Protein chains: 2
Amino acid sequence: MSRVECHDGDMSLRHAVLGMLEDEPGSGYDLLKRFEQAMSNVWPATQSQLYGELGKLESAGMIHVHAEGPRGRKEYEITDAGRAELQHWLIEVPPTAAPRNDNLLRVYFLGAVAPGQARGYIATMGETAQAREKRLEELEASIDWGDDNASVYGRLVLEWGKRYSAMYREWADWAVTQIK
Amino acid sequence: MSRVECHDGDMSLRHAVLGMLEDEPGSGYDLLKRFEQAMSNVWPATQSQLYGELGKLESAGMIHVHAEGPRGRKEYEITDAGRAELQHWLIEVPPTAAPRNDNLLRVYFLGAVAPGQARGYIATMGETAQAREKRLEELEASIDWGDDNASVYGRLVLEWGKRYSAMYREWADWAVTQIK
DNA sequence: TATGACATGTAACTAGTTACATGATTCA
DNA sequence: TGAATCATGTAACTAGTTACATGTCATA
């Protein structure tokens, strides 16, 4: 029996790139900066990965070079095929259930160290969460929110981050009281 | 200049295995079942990965074959070197800041589909979270909790999962009202 | 003219997934 | 004796990271 094709994978970087280009065309260099700014908390990507993915997306006909600029700059634009793939992924591909979490993995094994160290570790988790919460609040205040899609959906993601951080901090405060 | 050694990586699977063997010795087959049951929400691992990691850990002297059984069964036990590595990781290795989240990545790009579909997607996220919350509550009720480390720290992780799911559900309820 | 920002790409590696492959033991 | 479970392992792949490598353009 020959090899059966049965690969779909997540390939979410692919969709992150399509989503950014759907919003606005840009070069690899542009996308890299957009990833660093807007995406780093949700889907970090490295320069090397981005350029590789742009090449693959172009070969697959999901994006195309729309304009060229100085220094070999290639500005990509999403194609109809790319837009279709993005929408398919958004609506039809089942999201990941629960991602790996090495913070929680550590909590599982905290019995391997002294109770004081365990409390210290959890307290640090709480402080980290509090710092993130503060940073997100400052970010929210610094942005001029509008009625456009980027504002509406960007705010939903930001709000999720704030609630996540608050939940984390409250959990940590409670958890340290549970370790005798 | 020659290649500089600068790799540490996360290698959390390694530490998950050490943590499980610290709790109790076992074979690859045992660990696979323990990963499926207790760990699948925090750090899933495949059979192939587990056997590979056990081989590497044995070569590194962090675990050793403690007993052999029928069908080639090899029961591993953690060594002092393994215990030291586990404690080092627990306390000294900085945890990951924020993991990738493809659910939120989708939210970012929901402007690419119709508002009704966007609301539908977020509503489904909320229902999924609610189902997980319920499942965790049932799990909590079904376990006979004691005062041992596994109970104390296992309960902290479970409580985190419950709070996470509740936060998610509440966020989704709010988020659908934000999409016009 | 030298520095920094712009701009793209490749090589070598680690981590993780799916599928393949094999064999021993138990028990109905 | 046939099926389920126990038990281990390998091959080929995808995704992601770090480091290396190169070259252009603006401007102080």
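Proteins get letters first, then strands, A, B, ... in listed order; numbering begins at 1 in each. Because the structure is predicted, anything quoted here is derived from the model rather than measured.
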Counting side-chain heavy atoms from C-beta on, which of [options] comes nearest to [X]?
{"X": "B:K74", "options": "D:dC25, D:dG9, C:dT8", "result": "D:dG9"}
{"X": "B:R73", "options": "D:dA19, D:dT24, D:dT8", "result": "D:dT8"}
{"X": "A:R71", "options": "D:dA15, D:dT8, C:dA5", "result": "C:dA5"}

Salt bridge flag under 4.0 Å for residues [X] and [Y]:
{"X": "B:R135", "Y": "B:E138", "answer": "no"}
{"X": "B:R155", "Y": "B:E159", "answer": "no"}
{"X": "A:K134", "Y": "A:E137", "answer": "no"}
{"X": "B:R14", "Y": "B:E85", "answer": "no"}

Given the structure, check if the side chain of B:Q49 and the base of C:dT17 hold any donor-acceptor pair shorter than 3.5 Å. no
On the side chain of A:T46, is there an atom forming a donor-acceptor pair with the base of D:dT18 - under 3.5 Å, no angle test?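 Donor-acceptor pair under 3.5 Å: no.
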Under 4.0 Å: is that the gap between some side-chain N or O of A:Y51 and OP1 or OP2 of C:dG9?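 No.
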Identify whether any heavy atom of A:S27 sits under 4.0 Å from a base atom; if not, whether one sits that close to sugar-phosphate; answer base, sugar-phosphate or nothing.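 It contacts sugar-phosphate atoms only.
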Specify the residue among B:G72 and A:Q47 whose closest nucleotide of DNA chain D lies further upstream toward the 5′ end.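 Closest to the 5' end, via its nearest nucleotide, is B:G72.
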